[in-house]
2 protein chains.
Amino acid sequence: MGTRTDHHAIEPATWLRQNGLRATHARIAIVRILDASPVPLTLAEIHEKVRSEGCDFATVFRFVSILEEKELVQRVAWIDGTTRHEIRARDGHHHHHYLICRTCQKVEPLDECVVERFENQIARERGYSGLSHSLQLSGVCPECQKPGAKARKKRGPTTP
Amino acid sequence: MGTRTDHHAIEPATWLRQNGLRATHARIAIVRILDASPVPLTLAEIHEKVRSEGCDFATVFRFVSILEEKELVQRVAWIDGTTRHEIRARDGHHHHHYLICRTCQKVEPLDECVVERFENQIARERGYSGLSHSLQLSGVCPECQKPGAKARKKRGPTTP
DNA sequence: TTCAGTGCAAAACGTTTGCAACACA
DNA sequence: TGTGTTGCAAACGTTTTGCACTGAA
């Protein structure tokens, strides 16, 4: 089994600058953690793993928010109600699905995505575009696709 | 288009007693609201609809928790991060999927479930049983299926 | 009558923000 | 050096619990 980092030859610092972000100590640490994890993490879990480097929770919160705005990290509503965060792999995969044990909470990532094919079908039949999914299917409905429709509503935390 | 209640000839009070629950004014009101909604609701939304009957938020919280323990209501991690609750239909359907507009938040329920077939395949290949899904796939792993494995861990709020 | 169920209010928790000090470009 | 970033700490909103009163069985 390969690790997620196999796909990421690019150094965190380089990757950050490529995306127009400053490469600070805290940010590099956070990217490393996200990069190394095979499963989405909560903000608390990320903080737990970077606190040793003197990184504050607020920094985790704000930086992950920035990554999500730039769509470099994907927010996932986990089945237990927690909100988790997953870095987007740079190998073409945009998301993953998981098999979670209700008893021991073990998580197994699944490579396959059965929904994609269905997603295309739904998009065709209902006239939606830009569909994506993590839990439920979501997209933009015909009315909202019309030019001049109200601006896309921000989801999640925003940055100052 | 039919309403969800088409499937529910049983009166809320009768249904509650059948499931070993007391039929109080507040509980009947909450069941009615859940029954009538085509989409999962947040606790705040449920409370909003029953507050006119003098039903407290804590009552909504505790009663929905009881229904979830008895698996009469299913908890859903919504894509916007909210936690929602959906009553289990008594017509064989155990869950639904939804098409959500990112712009106007409109929700369209989808009848089809493409994951079921996949779920069976996963269950076979990985030795899982009792799989279900709403966002991620979940089930019980081989180790936890062994007789004498540790008791099933409670999810979500518990009752006193 | 009795005890489960409820309302009220406070506690616990997670998320979000303001501000002064700090560090990268 | 200057502006974006950070740590600290407080403000929020939501979830959860304790306790005394109430009402269904």
Side-chain angles (χ1 to χ4, degrees), chain A residues 11-31 33 40-48 50-70 73 75-78 80-85 154-160, chain B residues 11-31 40-48 50-70 72-73 75-78 80-85 154-160:
Chain A
E11 275 299 306
T14 311
W15 180 75
L16 284 166
R17 294 198 192 90
Q18 278 181 356
N19 285 285
L21 296 165
R22 282 202 184 178
T24 68
H25 188 63
R27 291 177 170 202
I28 290 166
I30 293 168
V31 170
I33 296 302
L41 301 171
T42 63
L43 292 180
E45 285 165 353
I46 298 169
H47 179 225
E48 185 59 36
V50 294
R51 76 181 329 158
S52 58
E53 325 219 11
C55 180
D56 191 70
F57 183 88
T59 300
V60 174
F61 170 80
R62 283 183 285 219
F63 181 53
V64 171
S65 299
I66 290 171
L67 292 176
E68 274 161 5
E69 277 191 353
K70 293 195 168 255
V73 160
R75 182 179 276 232
V76 183
W78 207 245
D80 64 2
T82 58
T83 301
R84 291 172 175 274
H85 313 267
K154 260 187 197 168
R155 287 183 292 144
T158 58
T159 44
Chain B
E11 276 299 305
T14 311
W15 180 75
L16 284 166
R17 295 199 192 91
Q18 279 181 356
N19 286 285
L21 296 165
R22 283 204 184 176
T24 68
H25 187 65
R27 290 176 170 201
I28 290 167
I30 293 169
V31 170
L41 301 171
T42 63
L43 291 180
E45 286 165 353
I46 298 169
H47 178 225
E48 185 59 38
V50 294
R51 76 180 330 156
S52 57
E53 327 219 10
C55 180
D56 192 70
F57 183 88
T59 300
V60 174
F61 170 81
R62 284 183 283 218
F63 181 53
V64 171
S65 299
I66 290 171
L67 292 175
E68 274 162 5
E69 276 191 354
K70 293 194 167 257
L72 298 170
V73 161
R75 184 179 274 233
V76 183
W78 208 244
D80 64 1
T82 58
T83 301
R84 292 173 175 272
H85 312 267
K154 266 185 196 166
R155 285 185 294 146
T158 57
T159 44

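Keep in mind it's a predicted model, so treat the numbers as computed, not measured. The figures that follow rest on heavy atoms only: side chains count, while hydrogens, waters and symmetry mates do not. Below, read A as the first sequence line, B as the second, and so on, with proteins coming before strands; counting in each chain starts at 1.
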Student: Rounded to the nearest 0.5 Å, how far does OG1 of A:Thr82 lie from CD of A:Glu45?
Tutor: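 Here the interatomic distance stands at 7.5 Å.
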Student: Please report, rounded to the nearest Å, how far the P atom of D:dA11 is from the CZ atom of A:Phe57.
Tutor: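 Those two atoms, CZ and P, are 18 Å apart.
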Student: Return the value, rounded to whole Å, for the distance between atom NE2 of A:His47 and atom C1' of C:dT16.
Tutor: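 Rounding to the nearest Å, NE2 of A:His47 and C1' of C:dT16 are 15 Å apart.
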Student: Out of curiosity, A:Ile66 CD1 to A:Lys70 NZ, how far, rounded to the nearest 0.5 Å?
Tutor: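 The NZ atom of A:Lys70 is 8.5 Å from CD1 of A:Ile66, to the nearest 0.5 Å.
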Student: What is the distance, to the nearest angstrom, from the CD atom on B:Glu53 to the P atom on D:dT22?
Tutor: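 Going from B:Glu53 (CD) to D:dT22 (P), I get 20 Å.
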Student: Measure the spacing between CG of B:Asp56 and CZ of B:Phe63 and express it to the nearest 0.5 Å.
Tutor: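 That separation rounds to 15.0 Å.
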Student: Can you tell me the distance, in whole Å, between the CZ atom of B:Arg27 and the P atom of C:dG7?
Tutor: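 That distance rounds to 11 Å.
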Student: When rounded to the nearest 0.5 angstrom, what is the spacing between CD1 in A:Ile30 and NE2 in A:His85?
Tutor: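 The CD1 atom of A:Ile30 sits 11.0 Å away from the NE2 atom of A:His85.
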Student: Is a side-chain donor or acceptor of B:His47 paired with a backbone partner of B:Cys55 at a separation under 3.5 angstrom?
Tutor: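 Yes: the side chain of B:His47 pairs with the backbone of B:Cys55.
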Student: Rounded to the nearest angstrom, tell me the gap between atom CG in A:Leu41 and atom P in C:dG14.
Tutor: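 For the pair A:Leu41 CG and C:dG14 P, the rounded distance is 16 Å.
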Student: Donor-acceptor pair, distance only, cut-off 3.5 Å: does the side chain of A:Asn19 make one with the backbone of A:Leu21?
Tutor: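 The answer is no, because no donor-acceptor pair under 3.5 Å joins these two groups.
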Student: Encode nucleotides 20-25 of chain C as B, S and - characters from 5' to 3', where the letter depends on protein heavy atoms closer than 4.0 Å: B to the base, S only to sugar-phosphate, - to neither.
Tutor: ----BS
Student: Which nucleotide, D:dT16, C:dT17, C:dT6, lies nearest any side-chain atom of A:Ala58?
Tutor: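 So the nucleotide nearest the side chain must be C:dT17.
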Student: Hey, does the side-chain of A:Arg62 have a donor or acceptor N/O within less than 3.5 Å of a partner on the base of D:dG7?
Tutor: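 Yes, the side chain and the base share a sub-3.5 Å donor-acceptor pair.
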Student: Of the candidate nucleotides C:dC8, D:dT15, D:dG7, which contains the atom at the shortest distance from the side chain of B:Phe61?
Tutor: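 My answer, after comparing the listed nucleotides, is D:dT15.
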Student: Roughly how far, to the nearest 0.5 Å, is the CZ atom of A:Arg75 from the OG atom of A:Ser65?
Tutor: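 Going from the OG atom of A:Ser65 to the CZ atom of A:Arg75 covers 6.5 Å.
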Student: Rounded to whole Å, how long is the line connecting atom CG of B:Asp56 with atom P of D:dT14?
Tutor: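 In whole Å, D:dT14 P lies 15 Å from B:Asp56 CG.
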Student: Would you kindly give the CD1-to-C1' distance between B:Ile28 and C:dT6, to the nearest whole Å?
Tutor: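 So the CD1-C1' distance, B:Ile28 to C:dT6, works out to 14 Å.
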Student: Can you tell me the distance, in whole Å, between the CD atom of B:Glu69 and the C1' atom of C:dG5?
Tutor: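 Going from CD in B:Glu69 over to C1' in C:dG5 covers 15 Å.
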